[in-house]
Amino acid sequence: MKTKYSIWEVFKFQIKGILEANKSFIFYIFIIYAFSAGILNVVTVLFPRYIIDAIVVQNINDLFLWIFIYGFSILVLMLLSTISQNIFSGNATAIKFLQARIFFKKYRHVSYRYLEDPTFQAKRSTALWASLGNNDSGYEGTLRSLFRLFPQILTVIGLTILLGLFRPIIVIVALLLSLLQYQFDLRGKKYKFEHRDELNELERKANYFFLTGHDFSFGKDIRINQIQEQFFANHKEKSNIFTSLFKKLNVMGFRFSIPGMFFITITNGLTYFLTANAYMSGEISIGEVSSIIWATLAITLGMQRMFTEIAKIKEDTSYTSEYMAFLENDDYFPKREGIEIELETLAIELVNVSFKYPNSDKFALKNISLKINSGDRLALVGINGSGKTTLVKLLCGFYEPTEGTILINGVDIKTIDLEYYRNKLAVIFQDVLVYAASILENIVGLSKDPIEHEKAMQALKLAGLYEKTKSFPKEEHQELLKVINPSGTDFSGGEKQKLSIARALYKEDTSLIILDEPTASLDAIAEKEIYDNFKTLINNRTALIISHRLASTRFCDNIVLFENGEILEYGTHESLMNKEKGTYRSMFLTQGKYYQKGALQNETI
Ligand code: ADP
């Protein structure tokens, strides 16, 4: 696994990015800009000499001719360079955005365990923000710097020839001093690069408080629990540390640009001295004096800019190298060549499965052995923290067991293609994610197929969200959330849960359905409706149901009771109710008191 890429490898990667974005014409723009801007610099320095000389000898014809040539060439070159610059600018950003989308696509496959890992998050934020988070650094920065670099190279070459013909010593001094300045530039960039992890980490922390403080989904908690003051203070503290480090880095970084100012003065002094001598001895005209002085200034600045761009490219490519290393990290994005097994029906077997979360010493699941036949309904019960959701995460392939094996239709889950397998799962998670799109799109995604549309409407009916959906002026096309569309609406917790149920109903060609507290946010009537439609919801799929409402366990073939990550009791509802001192029985009876002769308890399927 590579952790560092050379400049050339980064260039190759960027060229590939340009081709992938179908923007190969950008190479021509590079060339047009390099020549137009480069020649423009040389013309600006060179031509005034002829105008001045014509003025001195009072040759009106020559004067007008040179003014015309000078004006016309500048006009054409400026037009060309400005147009190419504008074409380039928008496209450079578009190429970066394509790279961001590649990242986005790949990020979907990041091992789930890393999503909760702060070290990974810090690496991600460095890799992403340094390389793709800015228009003039990292990935896009390299493109822009290269774009600016080529005309500088042409300018320097052109003027070096001109000046070299007059006094080579000026060129040699300018080149040596620029090389020296380049060393200082490199040290300056290295200094910045060495501190960027610290800087990013501080910024990430400050941003957390800033962004969360603004995130309207936290709005209620922030107001009611009065945590705004705390957020304010935390943001102030973190951003103060960030700014003081940032200021320090800028001040320290400035040291490295001081020598450059002296170098320009030295080269210019030398040129004035040599040019004045040459003029006084009658070797050159006054027009040439002006050209040479301008050329020296342009060449010193050109070289400095050239080396500054080169140093910047070195810095930017090192950010992109980090980004590439992140993207190619097999640990983060495991390259699993999984197999596709027959999953029309789905049976699960856990053999001595134990699991510890990364960075945790405690077993969240201990030695679990359990069999779920295809089409079976299994209820997972137990108090908070007993390991139910952890088991669901393992079954979704988010984590691999620390010990033991999970068999899906007799095949180790580790060897199955995860994407293919997950397509066969319908999961109703506890924390339902509603995204900024229409109600319909929240179920069918991008599909425009009328059959899928109809299926989604049926699912909304069964989930008890049809009436509500139809009550909006735009019906199922009503946008959710206000982030994208100000006329978007928001759902209540229960409605979100219904939407999640509708998604699971819609995904009917799945073989395993997992319901993690599917009715926790629903009122008693909505809950009853869901249980009434339970058979349709499960639809012969193998089902795993986590619920604190023990009434729901009555619809299941078997019940497993977890305690501290272990199986405490296992059996049918009746068998567990027959255990005189059983925990399940006692939990069921305690809850029963709250659900009087309950609507739900008497339901059967
Ligand atoms: P349940 O779903 O039964 O309420 P969980 O499966 O969520 O319980 O949690 C089981 C145990 O694992 C708990 O002790 C919990 O604190 C711990 N746990 C859950 N998620 C994580 C995590 N991401 N990292 C470390 N420990 C965790």
Side-chain angles (χ1 to χ4, degrees), residues 107-124 208 212 331-332 334 348 350-370 372 377-406 413 418 422 425-433 493 496-497 500-501 504 512-522 543-553 556 558-571 576 582-584 586-588 590-591:
Y107 197 68
R108 214 160 55 103
H109 301 290
V110 75
S111 290
Y112 186 83
R113 68 193 166 104
Y114 282 114
L115 297 184
E116 297 176 335
D117 178 350
T119 326
F120 169 84
Q121 288 305 340
K123 275 209 169 340
R124 179 196 60 98
Y208 167 76
T212 315
D331 255 2
Y332 298 158
I348 302 166
L350 289 100
V351 187
N352 302 325
V353 169
S354 296
F355 177 74
K356 263 191 226 172
Y357 280 98
N359 308 324
S360 165
D361 298 330
K362 198 180 133 233
F363 275 102
L365 291 175
K366 277 175 260 172
N367 207 21
I368 306 288
S369 289
L370 189 66
I372 312 163
R377 298 168 203 163
L378 178 78
L380 298 177
V381 298
I383 56 165
N384 289 336
S386 57
K388 305 179 296 291
T389 304
T390 306
L391 181 66
V392 168
K393 288 182 189 167
L394 258 58
L395 286 176
C396 290
F398 293 152
Y399 291 100
E400 286 181 358
T402 316
E403 288 161 25
T405 319
I406 298 177
I413 194 172
L418 268 185
R422 286 185 189 144
L425 309 188
V427 188
I428 302 178
F429 290 109
Q430 266 183 49
D431 36 358
V432 182
L433 180 76
K496 282 182 191 160
Q497 199 143 36
S500 174
I501 292 170
L512 171 66
I513 178 164
I514 299 175
L515 303 100
D516 191 351
E517 299 277 353
T519 57
S521 312
L522 299 188
L544 235 87
I545 301 144
I546 298 181
S547 180
H548 286 300
R549 311 271 171 92
L550 293 185
S552 63
T553 58
C556 294
N558 284 301
I559 293 149
V560 58
L561 176 77
F562 278 93
E563 195 176 271
N564 288 328
E566 288 178 278
I567 295 180
L568 190 65
E569 288 175 17
Y570 175 83
L576 295 184
T583 309
Y584 175 80
S586 117
M587 280 167 79
F588 191 89
T590 313
Q591 245 185 33

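One-based numbering along the sequence shown. Every number for a ligand or one of its atoms is a count from 1 in the order of the listing.
Atoms of ligand 1 found under 4.0 Å from any heavy atom of Asn384, numbered from 1 in the order shown, are 4 (O). Within the listing of ligand 1, atoms 1 (P), 3 (O), 8 (O) sit less than 4.0 angstrom from a heavy atom of Ser386. Atom numbering of ligand 1 starts at 1 in the shown order; those under 4.0 Å from a heavy atom of Thr390 are 5 (P), 6 (O), 9 (O), 10 (C).
Under the 3.5 Å distance criterion, with hydrogens and angles disregarded, no donor-acceptor pair is assigned to the side chains of Lys123 and Tyr114. Inspection of the Ser369 and Asn352 side chains reveals an N or O donor paired with an N or O acceptor under 3.5 Å.
With respect to atom 23 (N) of ligand 1, the closest heavy atom belonging to the protein is Glu116 OE1, 2.7 Å. Distance from atom 4 (O) of ligand 1 to its nearest protein heavy atom, with residue and atom name: Gly385 N, 2.7 Å.
On a distance-only criterion, Ala364 and ligand 1 share no N/O pair closer than 3.5 Å. Backbone and side-chain nitrogen or oxygen atoms of Lys362 are examined, and one is located within less than 3.5 angstrom of a nitrogen or oxygen of ligand 1.
For the atom pair OH (Tyr584) and OH (Tyr570), the distance works out to 13.5 Å, reported to the nearest 0.5 Å.
The side chain to side chain contact (heavy atoms under 4.5 Å, CB included) with Phe562 is formed by just one residue from the set Leu391, Val381, Ile383, Leu568; it is Leu391.
A 4.5 Å side-chain heavy-atom check between Leu512 and Ile348 finds at least one atom pair inside the cut-off. Residues Arg124 and Val110 form no side-chain contact, since every pair of their non-hydrogen atoms from C-beta on lies 4.5 Å or further apart.
With distances taken over non-hydrogen atoms, the option nearest atom 2 (O) of ligand 1 out of Thr389, Val392, Val381 is Thr389. The heavy atom nearest to atom 18 (N) of ligand 1, considering only Phe355, Tyr357, Phe562, Tyr399, is found in Tyr357.
Ring geometry, Tyr357 versus Tyr399: the interplanar angle exceeds 60°, so the pair is classed perpendicular (tilted spans 30 to 60°).
Atom 16 (O) of ligand 1 is never approached by the protein to below 4.0 angstrom, counting heavy atoms only.
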